[in-house]
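Letters A, B, ... are given to chains in the order of the sequence lines, protein chains preceding strands, and every chain is numbered from 1.
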Protein chains: 2
Amino acid sequence: MEAREKILDAAVRVFSEAGSRGATTRRIAEVAGVNEVTLFRQFGCKERLLREALFRVSERPSFGSLPAEPGDAEAELVIWASGHLRELYAASSWIRRSIGEFEENPEVSASSCSGPALVARELRSYLDRLQEQGTIAADADTGAAAAMLMGAILADAIGRDVMPDRYPFSVDEAAERYVRLFFRGISARADLSFRD
Amino acid sequence: MEAREKILDAAVRVFSEAGSRGATTRRIAEVAGVNEVTLFRQFGCKERLLREALFRVSERPSFGSLPAEPGDAEAELVIWASGHLRELYAASSWIRRSIGEFEENPEVSASSCSGPALVARELRSYLDRLQEQGTIAADADTGAAAAMLMGAILADAIGRDVMPDRYPFSVDEAAERYVRLFFRGISARADLSFRD
DNA sequence: GGATCATGCAAGCAAACACTTGCACCTACG
DNA sequence: CGTAGGTGCAAGTGTTTGCTTGCATGATCC
C-alpha cells in the first residue's frame, strides 16, 4: 500500500515542475519508481490522481498562529509573518503552478488557497482584537491592511525568484520590514503625520 | 501580411487560457481564423511563434507615470497605483499564466516582468525624491515599502478572482486604500505612534 | 498448500500532437 | 499577359499521450 503514497508525492513534484498538462502519467510513474500501470490501477485515471494529490497538499496543516489575546502585537506579528512567508516560499513553485492553472481549473486553484484563506481570517480577527484593545487606531482600515500585508507576503514568496532585483533584502528580514511598515500604517491616527 | 498579426494575437489569447502546452497550433490557427499551415510557414515552429507573441505583449507600453517632481504625493500615488492596478487586473489571466510557467520557462516569465520592473524602479526614485524633500520620514524603509505596495497591487490583481473573500472592497477603491496605509507607514516617525 | 491480491513487464491502441508535402487559388506587380 | 508569392485544402509523417490487456511474480492470509 505504499505505492499509493509514492505516486501521490511524485504527482505533486511533477505537477510543480511541469503543470497538469506536462505531468504525464509516464513521468509521474518514473519519478515514483513505480510501473505506469500501477498508477492507473490505483487511481483509475490521471484526473483523479491529480485531484487527490493536489487536495492532499492543500490540506496539510499550517504552522504557527497568532495568539488569541494579543500581547506585544508588533513582535507577535513579525513572528507570525516570517513563519507564513517561509512556508509560502518553501512551496513557491507549487503555488505559482496552481495560480497559473486557475483559468483552466478554478476549483483546484481555489482549494489550494483554502489554507491561506484561513490565515487571512486569523489575521483579520487578530486586528479586530487590537482595535478593541485600543492598540491601533480606531479608524484603521483593517480589511485593506490585512489584504495588503498578506498580498505583500504572497507576492514576495512567488516573485522573489522571478524578479530578484525588486527585493533588495533577504527573505529572513522581509517579514520584519513589512510588518513594521504595516504596523505604522495602522497605528498612526489620520491627524498624526510626520508633517505636523 | 495581416495573417501574421492575427496569429500573434490569437497566440496570446490561447496561451492565456491554456498555457504553452495547451496552446496547440490547431487551436491558435482556429482562433486566428487562419489555416494551420500558414502558421508554420510564417513562424517555422510553435516555439518561435510563442516567443514572438509573448515578447510583443511584454513590450507594450505602460500607461501613466509618476511626476518627476512630487507635488501632492499621496494624491499622485493614488492615481498612479490605481492606474497600475487596473492595468495589471486587465492582464491578470496572462500574468497568472506567465508566473505559472516560470519553472518551465524562466526567461519568458522574467521578460514578462520587464514592464513591472520599470514601474518598480520609478516608484523607488519617486520615494527617494520624497525623502530628499522631507515629505516622508528620513528613516523610512523605502525599499521594503516599494516592494510592499507593488506586491500588494500584484497580489490583488492576480488573487482577487481566485480568492474573492479576501478582498472586502472593490478594485476601484483598492489602490486608494493601499496607498493611504502605505503613506502612513512611511510618513510616521518611529517615535511617533498612536500610543504616545 | 492454495487462494487472493497488489505489483511488474511487454505490448499495444486510438487520439492528439508538431510539422511536412503537393497542389490549386488568388492577388499584386512588371 | 505572365510570373511570383502568400494562402487554403487534403493528406500524411512520426512521436507522445492516456489508457488497456494478458500474463508472470511475489507476498499475505486462511
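- Residue B:Asn35 places no side-chain N or O under 4.0 Å from the OP1 or OP2 atom of D:dT7.
- With sequence neighbours excluded, no residue forms a side-chain hydrogen bond (donor to acceptor under 3.5 Å, both in side chains) with B:Glu87.
- Partners of B:Asp141 according to the side-chain hydrogen bond (donor to acceptor under 3.5 Å, both in side chains) rule, which considers only residues two or more places apart in sequence or in another chain, are A:Arg177.
- A search for side-chain hydrogen bond (donor to acceptor under 3.5 Å, both in side chains) contacts involving B:Glu59 returns nothing, not counting sequence neighbours.
- If you take NZ of A:Lys6 and C1' of C:dG8, they are 12 Å apart, rounded to a whole angstrom.
- Residues passing the salt bridge (charged side-chain N to carboxylate O under 4.0 Å, His left out) test with B:Glu36, sequence neighbours excluded: B:Arg26.
- For A:Asp9, the side-chain hydrogen bond (donor to acceptor under 3.5 Å, both in side chains) partners at least two apart in sequence or on another chain are A:Arg56.
- Judged as a side chain to side chain contact (heavy atoms under 4.5 Å, CB included), and not counting sequence neighbours, the contacts of A:Glu122 are A:Ser65, A:Leu66, A:Trp80.
- B:Glu30 has its CD atom 13 Å from the P atom of D:dC9, to the nearest Å.
- Whole-Å rounding puts the B:Leu39 CG to C:dC19 C1' distance at 11 Å.
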If you look only at distance, which donor and acceptor atoms sit under 3.5 Å apart when one is on a side chain in residues 110-119 of chain B and the other is two or more places apart or in another chain?
{"unit_1": "B:Ser111", "atom_1": "OG", "unit_2": "B:Val108", "atom_2": "O", "d": "3.1"}
{"unit_1": "B:Ser112", "atom_1": "OG", "unit_2": "B:Ser109", "atom_2": "O", "d": "2.8"}
{"unit_1": "B:Ser114", "atom_1": "OG", "unit_2": "B:Ser111", "atom_2": "O", "d": "2.8"}

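- A salt bridge links A:Arg27 with A:Glu17: at least one charged nitrogen is closer than 4.0 Å to a carboxylate oxygen.
- When the P atom of C:dC19 is taken as reference, atom CG of B:Leu50 falls 10 Å away, rounded to whole Å.
- For the segment residues 11-19 of chain B, the set of residues with a heavy atom within less than 4.0 Å of an atom of DNA chain C is empty.
- What separates CZ of B:Phe43 from C1' of C:dT20 is a distance of 18 Å, to the nearest Å.
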Inset, instruction - Go along nucleotides 14-28 of chain D 5' to 3' and tag each nucleotide: B for a protein heavy atom under 4.0 Å from its base, S when only backbone or sugar atoms are that close, - otherwise. - result: ---BBBBBB------
